[in-house]
Each structure stands twice: as structure tokens, then as C-alpha cells.
Amino acid sequence: MEWGDFGILILIIAMLIGGSACSTAGGFKGLRIGILFKSILADVKRLLSSERNVKVFRFHHIKDQILADSLVKASALIVICYLITFALGTLIGTFCGYPLASAAFESASITGNVGLSIGVTTADMPAVMKIYDIIAMYLGRLEFLSVFALIGFIIGGIKKCWTN
């Protein structure tokens, strides 16, 4: 039985989510999705409860931890960065003439550093896709925040050199 585009969509979602926390798998990790869903449920419970009722929401990762706003914000930032990278890669692939499902599959595989290909990634693909794929693989593997910190460090060093 052939699954067609539905099977490709399921694989795209699986590649974007990636593995579990603390794994070497790519993607934005299942733990971050769990944190985001748990924070949505916590916000709904806060809205439905009395203002006098103060609730502390927790989640379990290695040990019980408090669901802090800073943690939710960091998780959301990484998920959003992955989704933007995926969407941009899909757009570039479709603008280069590949079918939407194929471009999305390749983009999810590249962003999550999965290694699967549906036939788009070849030696004769357009140069703009090759350059974007290299950047997306680098950003996806290092999970964005370390790259942002590196860029900030470099910009800070350049500013320091210019002011002295």
C-alpha cells in the first residue's frame, strides 16, 4: 500500500520533532513540544481558576522541575527558529522548481540533520539550495542559540575593536 503525500507529511513532522531530550537526534525535540503544550494547559488552568489561587506547574525531565516562563520562552524560540528554517528551505525548494512535498521533505531532513533524501539533494541541484542547505544544517545541528551566541560574541569583539 502506498501512503503518498500523507506518508510524506507524517515523516516531515517526525523529522521536525526529532528525538527525545538528551539525544543526538536533530529536530526541536519532543521535550520542547511537551513544555509548550504543558504551558498552554497551565495558562488555560490559570485563566479558569480564581486570582487568589496560585498554582505552580511542573514537568518531569530527569527530576521534577518548575515550568518557568523563561523555559517556555526558550523552548518556543527554538521551535520557531526550526519552523522558520524549515519554511524558508521549503520555499527555496519550490521556487527552484521542485514539488512542494519533495521540497518540504528535504527541508525537514536538512533542518533536523536526519540524512534522508527524496531525490532533491543531488550534485546538480541549484547553488542557492546548496548554500542554504549548508547553513540550515549548521543552524539545525547547533540548535540556533549557540550560533546566535557566537554571532553576538563576534559582533561584541568587533565593537570593542572599533571603540578602542
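Side-chain atoms are counted along with the backbone in the values below, which use heavy atoms only and exclude waters and symmetry mates. Treat the numbers as computed from the prediction; the structure is a model and nothing was measured. If you read the sequence from its start, that first residue is 1, and numbering goes on from there.
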Please check: side-chain N/O of [X] versus main-chain N/O of [Y], any donor-acceptor pairing under 3.5 Å?
X    : Y    : result
E106 : I118 : yes
Y82  : G140 : yes
S75  : L36  : no

>> If I compare all heavy atoms of Y138 with all of V147, which pair ends up nearest, and what's the gap?
In response: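 Result for this residue pair: CE2-CG2, 3.7 Å.
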What distance do [X] atom [atom1] and [Y] atom [atom2] have between them, rounded to the nearest 0.5 Å?
X    : Y    : atom1 : atom2 : answer
I12  : T111 : CD1   : OG1   : 11.0 Å
S107 : D133 : OG    : CG    : 7.5 Å
I78  : K73  : CD1   : NZ    : 12.5 Å
S39  : D69  : OG    : CG    : 8.5 Å

Do [X] and [Y] belong to the same hydrophobic cluster, where Ile, Leu, Val, Met, Phe, Trp and Tyr are linked whenever their side-chain heavy atoms lie under 4.5 Å apart, directly or via other members?
X    : Y    : result
L77  : L150 : yes
L139 : I131 : yes
L83  : I8   : yes

From L9, V120, L100, L116, residue fulfilling side-chain contact (heavy atoms from CB on, under 4.5 Å) relative to F105 =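 Testing F105 for a side-chain contact (heavy atoms from CB on, under 4.5 Å) against L9, V120, L100, L116 leaves exactly one candidate, L116.
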Does a side-chain heavy-atom distance below 4.5 Å link F28 with E143?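 The answer is no, as the side chains (C-beta and beyond) never meet within the 4.5 Å cut-off.
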